[in-house]
Structure formats: structure tokens, C-alpha cells
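Worksheet: one structure, shown below.
For clarity, every value in this text was computed on a predicted model and none was experimentally measured. The chains referred to below are lettered A, B, ... by the order of the sequence lines, with proteins before strands, and numbering in each begins at 1.
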Number of protein chains: 2
Amino acid sequence: MVNDPFKALAHPIRRGIVEHLAAGPATVGEATAGFGVSKPAISKHLRVLEETGVVTRTVEGRTHLLALDTEVLGEAAEWMEQQRRRWTRLFDVVDDYLKEQK
Amino acid sequence: MVNDPFKALAHPIRRGIVEHLAAGPATVGEATAGFGVSKPAISKHLRVLEETGVVTRTVEGRTHLLALDTEVLGEAAEWMEQQRRRWTRLFDVVDDYLKEQK
DNA sequence: GCTATTGTTAACCGAATGGTTAATGATCCG
DNA sequence: CGGATCATTAACCATTCGGTTAACAATAGC
């Protein structure tokens with residue numbers, strides 16, 4: 001089991017799938033067209049995205065409907081923003097201090 | 001060369017280093033204490049973070065001063081937020097439509 | 001019922017990742 | 001100078017990752 005959203009987004013093909021699904025739900029074929037890899041390769045990428053909870057799947061007949069589940073995506077983005085802001089705030093404090101010295 | 005911020009953040013130790021540096025610059029020893037791996041392992045993780053531009057290094061005597069460079073971090077967070085929002089907006093539209101049907 | 005379509009699973013392979021120990025560089029300090 | 005300290009590089013090893021082909025499963029449509 002993977003369960004790490006950053007790891008899930010570490011591969012460009014997987015980010016490509018997410019980008020496609022951000023426009024709305026799609027079948028496997030639709031969401032993964034044009035990546036230039038075989039179908040088994042795609043299947044593996046999808047499993048990683050599912051395991052982290054980034055993507056959900058609904059089987060409808062012989063096609064599988066994929067959709068983004070943005071909760072995990074949001075949490076990960078929030079983590080990054082939080083780290084960025086903590087550092088930026090400190091940087092501003094130091095910057096102000098340096099300006100005062102002049 | 002790695003140069004992919006998502007790949008750089010795919011490893012928990014590397015995220016741990018980023019978290020520490022979000023509190024302010026630190027030496028290698030400070031920023032990487034308590035991860036329970038050898039120093040060469042740490043060196044490799046640092047190289048990955050540097051190659052993506054997430055972390056910068058300033059050599060000062062025999063110690064190396066590390067600091068976050070939040071630009072790349074911000075770009076990655078922005079990408080995720082953008083995907084999330086695009087999907088959420090569509091979801092809201094569909095949701096509203098379904099409510100109207102009642 | 002046969003065939004095409006959609007997608008997965010199984011088995012395998014090479015390359016990358018993440019870790020180790022041993023040796024090396026470079027600086028500080030008595 | 002000589003030792004202690006901070007950190008990297010080199011060489012090696014096991015595991016994971018990302019890809020392949022071949023075979024299978026399940027539905028759709030003639």
C-alpha cells in the first residue's frame with residue numbers, strides 16, 4: 001500500500017491523469033490517452049492514485065469511471081503552503097530587521 | 001538530476017527536513033537530527049532537495065547552512081490547489097443541478 | 001454464439017532509490 | 001602539528017519502480 005499523496009504525484013503520468021480528471025470524471029481510456037505507455041502501465045499508475053485516495057473508481061459495465069477526490073489533494077497542498085508561509089514569515093522578520101539597521 | 005519538486009517531497013525524511021527548515025535556516029546536523037539514518041543517507045536526501053531548488057546551501061567553514069527556498073514549494077502547492085479547485089467547481093455545478101431537480 | 005472492446009492480472013526485466021560501511025576533505029582548536 | 005568535528009564521496013547491496021508482453025475477465029453488439 002502506498003497511501004502517500006506526494007509519492008502518488010511524484011510521477012508525471014500520474015499528474016497528467018490528475019490534470020485530466022480535474023476537468024471532470026472520465027473513463028480509464030479517456031483519462032489516460034496519449035501518454036505513450038501500455039495499458040498495464042496505466043493500470044499500475046491508477047492503482048497508486050487510488051490507494052492514496054486521490055482518485056476514486058466506479059465500475060460501470062466494462063468501463064471504469066474515474067474521478068478526483070480532492071480531499072487528499074487539498075491536505076497535501078495545505079502542508080506545502082504551511083511550510084512555505086512559516087519560512088516566508090521568518091524571512092520577512094529578518095528582512096525588516098536588516099532594513100532597520102540602515 | 002531530479003528537478004521535480006513532487007519527487008523531492010515524495011520521501012518522508014525529505015519532508016521532515018523541509019519542516020525543520022520552515023522554522024528557519026539550520027546546519028546539516030541540526031536540520032537532520034533524529035531521522036535514524038546514517039550521514040551519507042542524509043547527504044543524498046539533501047542533494048535531491050537542492051537539485052529541485054527547494055533547499056539552498058551556504059558553506060560556512062566546515063558547517064553547511066541550509067535554508068528553504070520557497071518559490072518552488074509555492075509553485076507546486078499552487079499546481080495542486082489549481083487542480084483541486086477546477087474539480088471542486090465542477091462538482092458544485094453538478095451538485096446545484098441535482099438540487100434543482102428535486 | 002462469436003468477436004470486438006475495455007481494462008486487469010501475472011510474470012518478468014532493467015534502472016533508479018535508499019540504505020549501508022569505509023575512506024576522504026576540510027576546518028577548527030589545543 | 002595532531003586530533004576532533006562536520007560533512008561528503010565511493011563502492012556496494014537489497015528493494016522498489018516503471019515498463020514490457022502474454023494471458024485473462026467481463027461486458028457489448030452483431
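E51(A) places its CD atom 13 Å from the P atom of dT8(C), with the value rounded to the nearest Å. Computed from coordinates, the L9(B) CG to dT17(C) P distance equals 15 Å when rounded to whole Å. Distance, N3(A) CG to dT16(D) P: 15 Å, rounded to whole Å. As a whole-Å value, the separation of K39(B) NZ from dA10(D) C1' is 16 Å. Rounded to whole Å, atom C1' of dA11(D) lies 9 Å from atom NZ of K44(B). Across the protein-nucleic acid pair, L46(B) atom CG and dT17(C) atom P stand 16 Å apart, rounded to whole Å. In this structure, I13(B) places its CD1 atom 15 Å from P of dT17(C), rounding to the nearest Å. Between the CZ atom of R47(B) and the C1' atom of dT9(D) there is a distance of 10 Å, rounded to whole Å.
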Please tabulate the protein-to-nucleotide N/O contacts below 3.5 Å involving nucleotides 1-3 of chain D, giving atom names and distances.
none

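Nearest to the side-chain atoms of P40(B) among the listed nucleotides dT20(D), dG19(C), dT21(C) stands dT21(C). Picking from dT8(D), dT20(C), dG7(C) the nucleotide with the shortest atom distance to the side chain of A41(B) gives dT20(C). With distances taken from any side-chain atom of S38(A) to the nucleotides dG19(C), dT21(D), dG18(C), the minimum falls on dT21(D).
The two atoms that bring W87(B) and P25(A) nearest to each other are CZ3-CD, 3.3 Å, heavy atoms only. Looking at every heavy atom in both residues, A31(B) comes nearest to L21(B) through CB-CD2, 4.0 Å. Taking every heavy atom of both residues into account, T52(B) and A8(B) meet most closely at CG2-CB, 3.4 Å. The heavy-atom pair separating A10(B) from A10(A) by the smallest distance is CB-CB, 4.0 Å. Q83(B) and L68(A) make their closest contact through O-CD1, 4.2 Å (heavy atoms, listed as atom of the first residue, atom of the second, distance). When all heavy atoms of F6(B) and L9(A) are compared, the closest pair comes out as CB-O, 3.4 Å.
Heavy-atom nearest nucleotides on DNA chain D were determined for R57(B) and for E60(A), and the one closer to the 5' end corresponds to R57(B).
Residues that satisfy the side-chain contact (heavy atoms from CB on, under 4.5 Å) test with E71(B), not counting sequence neighbours, are D69(B), E75(B). For H11(B), the side-chain contact (heavy atoms from CB on, under 4.5 Å) partners at least two apart in sequence or on another chain are I13(B), R14(B), H45(B).
Counting only residues at least two apart or in different chains, side chain to side chain donor-acceptor pair (under 3.5 Å) contacts with residues 18-42 of chain A comprise E19(A)-W79(B).
Backbone-only engagement by T63(B) is indicated by non-hydrogen atom pairs under 4.0 Å involving sugar-phosphate atoms exclusively.
The side-chain heavy atoms of E81(B) and R84(B), taken from C-beta on, include a pair separated by under 4.5 Å.
The side chain of H64(B) places no N or O atom within less than 4.0 Å of a non-bridging phosphate oxygen (OP1 or OP2) of dT5(D). Taking only side-chain nitrogens and oxygens, H45(A) comes nearer than 4.0 Å to OP1 or OP2 of dG19(D). Residue H11(B) places at least one side-chain N or O closer than 4.0 Å to OP1 or OP2 of dG19(C). Between R14(A) and dG18(D) there is a side-chain N or O to OP1 or OP2 distance below 4.0 Å. Remark: K7(B) is in phosphate contact with dT17(C), judged by side-chain N or O atoms under 4.0 Å from OP1 or OP2.
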Would H64(B) and L46(B) count as a side-chain contact (heavy atoms from CB on, under 4.5 Å) if you check the C-alpha gap in whole Å, the side-chain angles of each, and the deciding distance to 0.1 Å? CA-CA 11 Å; H64(B) 298 200; L46(B) 288 177; over 6 Å; no
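Surrounding CZ of R15(A) are more than 12 heavy atoms belonging to other residues, nucleotides or ligands, all under 6.0 Å away. Residue-environment remark: CZ (R57(A)) exceeds the threshold of 12 foreign heavy atoms within 6.0 Å.
Heavy-atom distances under 4.0 Å link DNA chain D to T27(B), V28(B), G29(B) of residues 15-35 of chain B, given in residue order.
End-to-end axis angle for the helix from dG1(C)-dC30(D) to dG30(C)-dC1(D), using five pairs per end and rounding to 10°, comes out at 20°.
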